[in-house]
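A quick write-up on the structure given underneath.
Just so we're clear, the structure is a prediction, and the values are computed from it rather than from any experiment. The basis for the numbers below is simple: all heavy atoms, side chains too, and nothing from hydrogens, waters or symmetry mates.
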Amino acid sequence: MSSSNPMDDRVLAAQWAKTGNLMDLCFDEAWLRAEAQGDGYEDGYIEAGPMMRDYVAHSQTVPPELRQQMRLQSILFTELQRWMTTWELGRSFEATYTQARQLIRQHLQQPTVEQKTWLEALLAEDDQSLNPEQKPVRAQAIAMLANLFTEADWEALATKAAQGMAQGVLQVRQLHPDDPVTV
């Protein structure tokens, strides 16, 4: 791969170090735009034929525990993102959301008995083809996520949000250094 390719090893290594999840790149708008500009995408054509056989074969061998964890994260992160957008974090949203996902992953490694029971019910409900309004367990997701976070987690999220907002303010100041500052 060329060094200008967004999928190069540097980018992947940096993402892995940052969140421990390469799929988080899919939430990075700049990365998605750069990837869409890569070779073969200009005309909108993406080949997923014979070269995908190894990937498909590998995905069939994913252990059930890992699939279950991926499903849980998919559900919980969807609800987390929906919830966190109501926090009006502005430019600090991505950093805070990434931090929250990391914390959730940590907590999912050793859930309490109550959390484990709820997570199993969430997956069982997800197995049913129900409309969103017919999913009472999923409707509890935000409350469960709020209870999942410890006091230290909330402080870490607040710190991350504050850092992101401070960086945003500094970036605006750098973009407009000649604007008068009024107090």
Side-chain angles (χ1 to χ4, degrees), residues 7 9 11-32 35 48 52-165:
M7 285 295 286
D9 290 338
V11 172
L12 296 175
Q15 182 62 37
W16 183 259
K18 181 178 175 184
T19 68
N21 186 352
L22 297 179
M23 293 304 293
D24 287 344
L25 283 171
C26 295
F27 294 104
D28 182 344
E29 186 175 337
W31 179 84
L32 287 171
E35 184 62 18
M52 293 297 292
R53 285 187 188 134
D54 290 338
Y55 173 77
V56 171
H58 172 70
S59 68
Q60 301 300 320
T61 63
V62 174
E65 304 83 34
L66 185 55
R67 276 188 203 198
Q68 178 177 329
Q69 188 169 26
M70 290 167 51
R71 285 180 54 215
L72 278 173
Q73 288 182 19
S74 175
I75 295 166
L76 293 175
F77 293 167
T78 298
E79 295 301 322
L80 175 69
Q81 184 178 28
R82 215 168 39 91
W83 180 37
M84 287 183 67
T85 56
T86 67
W87 298 4
E88 299 181 11
L89 294 170
R91 291 181 182 217
S92 65
F93 176 83
E94 281 303 320
T96 309
Y97 178 59
T98 298
Q99 177 80 28
R101 288 192 318 259
Q102 288 175 334
L103 294 168
I104 289 170
R105 281 189 198 97
Q106 290 171 2
H107 290 296
L108 289 179
Q109 290 178 0
Q110 293 185 329
T112 65
V113 173
E114 176 189 342
Q115 291 167 346
K116 189 172 184 172
T117 301
W118 183 81
L119 293 168
E120 289 169 357
L122 181 64
L123 286 174
E125 180 182 79
D126 190 56
D127 286 336
Q128 303 169 15
S129 296
L130 302 173
N131 293 326
E133 62 274 357
Q134 296 174 315
K135 294 184 176 185
V137 178
R138 189 166 181 159
Q140 300 168 1
I142 292 173
M144 285 302 290
L145 289 170
N147 288 328
L148 190 68
F149 292 135
T150 65
E151 198 61 37
D153 294 340
W154 284 110
E155 289 177 20
L157 292 173
T159 299
K160 187 61 78 172
Q163 290 170 347
M165 288 182 188

Hey, are the side chains of [X] and [Y] touching, using non-hydrogen atoms and a 4.5 Å cut-off?
| X | Y | result |
| --- | --- | --- |
| Leu119 | Leu76 | yes |
| Gln69 | Leu66 | yes |
| Glu155 | Thr150 | no |

Heavy-atom closest contact ([X] atom, [Y] atom, distance):
| X | Y | result |
| --- | --- | --- |
| Ala121 | Val137 | C-CG1, 3.9 Å |
| Leu157 | Ala100 | CD2-N, 3.6 Å |
| Glu79 | Ala141 | CG-CB, 3.7 Å |
| Thr78 | Ser74 | OG1-O, 2.7 Å |
| Gln134 | Pro136 | O-CD, 3.2 Å |

Distance in Å, [X] [atom1] paired with [Y] [atom2], rounded so as to fall on 0.5 Å steps:
| X | Y | atom1 | atom2 | value |
| --- | --- | --- | --- | --- |
| Ile104 | Asp153 | CD1 | CG | 9.0 Å |
| Arg101 | Met84 | CZ | CE | 9.0 Å |
| Thr159 | Gln99 | OG1 | CD | 9.0 Å |
| Lys160 | Glu94 | NZ | CD | 12.0 Å |
| Leu72 | Arg105 | CG | CZ | 12.5 Å |
| Leu108 | Leu103 | CG | CG | 11.0 Å |

Atom CD of Glu88 with >12 non-hydrogen neighbours under 6.0 angstrom: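 No, CD of Glu88 has 12 or fewer neighbouring heavy atoms, counting only those of other groups under 6.0 Å.
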
Under-4.0 Å salt bridge between Arg138 and Glu125: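 Not counted as a salt bridge, because no side-chain N and carboxylate O are separated by less than 4.0 Å.
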
With Arg71 via salt bridge (charged side-chain N to carboxylate O under 4.0 Å, His left out) - residues at least two apart: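 Counting only residues at least two positions away or on another chain, Arg71 forms a salt bridge (charged side-chain N to carboxylate O under 4.0 Å, His left out) with Asp126, Asp127.
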
Tyr97 (side chain) donor-acceptor with Phe77 (main chain) under 3.5 angstrom: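 The answer is yes, because a donor-acceptor pair under 3.5 Å joins these two groups.
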
Aromatic ring pairing Trp87/Trp154, orientation class (parallel under 30°, perpendicular over 60°, tilted between):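 If you compare the ring of Trp87 with that of Trp154, the planes turn out tilted.
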
